[in-house]
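Reckoned from all heavy atoms, side chains included, excluding hydrogens, waters and symmetry mates.
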Amino acid sequence: MTVTEVRFNGSKNKNFLAYVSVVLGGCLVLRDMRLVLSSRDPGRKILIMPERTDGDGNFIEVYNPIRRELRSVIENAVFSAWQRQESTP
């Protein structure tokens, strides 16, 4: 599976960098991921999958890559696209 597009939305603040949408293979879009800065490791970026709360207040991920390899592909594409965006004046 390849990432064919990465889009960022939202405004940057202290720890929240952007909402992220990713297109996989030109066929499937994954929306509402969040790109944030780690509070424990300054400068480290974390990609958070979208989540909702159930009736008991528990957080449930809306979707989540099952295989570590796919998660790495998505994270690498997002982090690379962010780096390119940040280096563009």
Side-chain angles (χ1 to χ4, degrees):
M1 185 75 44
T2 59
V3 174
T4 53
E5 186 176 349
V6 177
R7 285 176 269 164
F8 299 103
N9 296 307
S11 59
K12 197 162 124 175
N13 68 31
K14 185 178 179 183
N15 290 327
F16 173 77
L17 299 175
Y19 284 104
V20 182
S21 295
V22 170
V23 178
L24 297 177
C27 299
L28 176 67
V29 65
L30 304 175
R31 300 181 201 266
D32 296 329
M33 291 179 274
R34 292 174 292 152
L35 184 61
V36 300
L37 288 175
S38 170
S39 58
R40 295 183 186 149
D41 186 4
R44 179 173 175 246
K45 293 167 192 65
I46 300 171
L47 185 63
I48 301 173
M49 299 296 153
E51 51 193 20
R52 63 176 178 81
T53 55
D54 65 9
D56 297 326
N58 299 313
F59 287 100
I60 301 170
E61 288 185 328
V62 175
Y63 55 81
N64 187 31
I66 295 173
R67 294 190 177 256
R68 184 174 300 161
E69 295 86 0
L70 179 57
R71 185 174 189 102
S72 292
V73 166
I74 293 169
E75 286 178 341
N76 290 337
V78 169
F79 298 154
S80 294
W82 184 259
Q83 183 75 25
R84 284 190 305 273
Q85 176 180 299
E86 287 292 290
S87 64
T88 304

Taking side chain as C-beta onward, heavy atoms only, is Val3 less than 4.5 Å from Leu24? yes
Derivation and outcome, side-chain contact (heavy atoms from CB on, under 4.5 Å), residues Val22 and Met33: CA-CA 9 Å; Val22 170; Met33 291 179 274; 3.3 Å; yes
Under 4.5 Å between any side-chain heavy atoms of Lys45 and Leu17, yes or no? yes
Going by the rule ring pair (Phe, Tyr, Trp, His ring centres under 6.0 Å), which residues pair with Phe16 if we only count those two or more places apart in sequence or in a different chain? Tyr19
Let me check something: do Val36 and Leu30 share a hydrophobic cluster, defined by ILVMFWY side-chain heavy atoms less than 4.5 Å apart, either directly or through other members? no
Measure the shortest side-chain to side-chain distance between Asp41 and Ile46 over non-hydrogen atoms and say whether it is less than 4.5 angstrom. no
In chain order, what residues pass the side chain to side chain donor-acceptor pair (under 3.5 Å) check against Asn64, with sequence neighbours excluded? Glu61, Arg71
Under a 4.5 Å side-chain heavy-atom rule over Ile, Leu, Val, Met, Phe, Trp and Tyr, are Tyr63 and Val78 clustered together? yes
Single-linkage hydrophobic cluster, 4.5 Å side-chain cutoff, Val73 and Leu28 together: yes
Interatomic distance, CD1@Ile74 vs CD@Glu69, rounded to 0.5 Å, equals 12.0 Å
Rounded to the nearest 0.5 Å, what separation is found between the OG atom of Ser39 and the CZ atom of Arg44? 10.0 Å
Any link between Phe8 and Val29 through a network of hydrophobic side chains (Ile, Leu, Val, Met, Phe, Trp, Tyr) touching at under 4.5 Å? no
Should Asp32 and Val62 count as side-chain neighbours, where that means a heavy-atom distance under 4.5 Å? no
More than 12 heavy atoms from other groups under 6.0 Å of CD1 on Ile60: yes
Does Asp56 offer a backbone N or O that forms a donor-acceptor pair with the side chain of Asp54 under 3.5 Å? yes
Just to verify, which of Val6, Leu35, Val20 counts as forming a side chain to side chain contact (heavy atoms under 4.5 Å, CB included) with Trp82? Leu35
For Asn9 versus Ser21, what's the shortest heavy-atom pair and its separation? ND2-OG, 4.5 Å
Write down the atom of Gly26, the atom of Thr4, and the distance for their closest heavy-atom approach. N-OG1, 3.0 Å
Assess whether a salt bridge exists between Glu51 and Arg34, defined as any Lys/Arg side-chain N lying under 4.0 Å from an Asp/Glu carboxylate O. yes
By salt bridge (Lys or Arg N to Asp or Glu O under 4.0 Å), which residues pair with Arg7, not counting sequence neighbours? Glu5
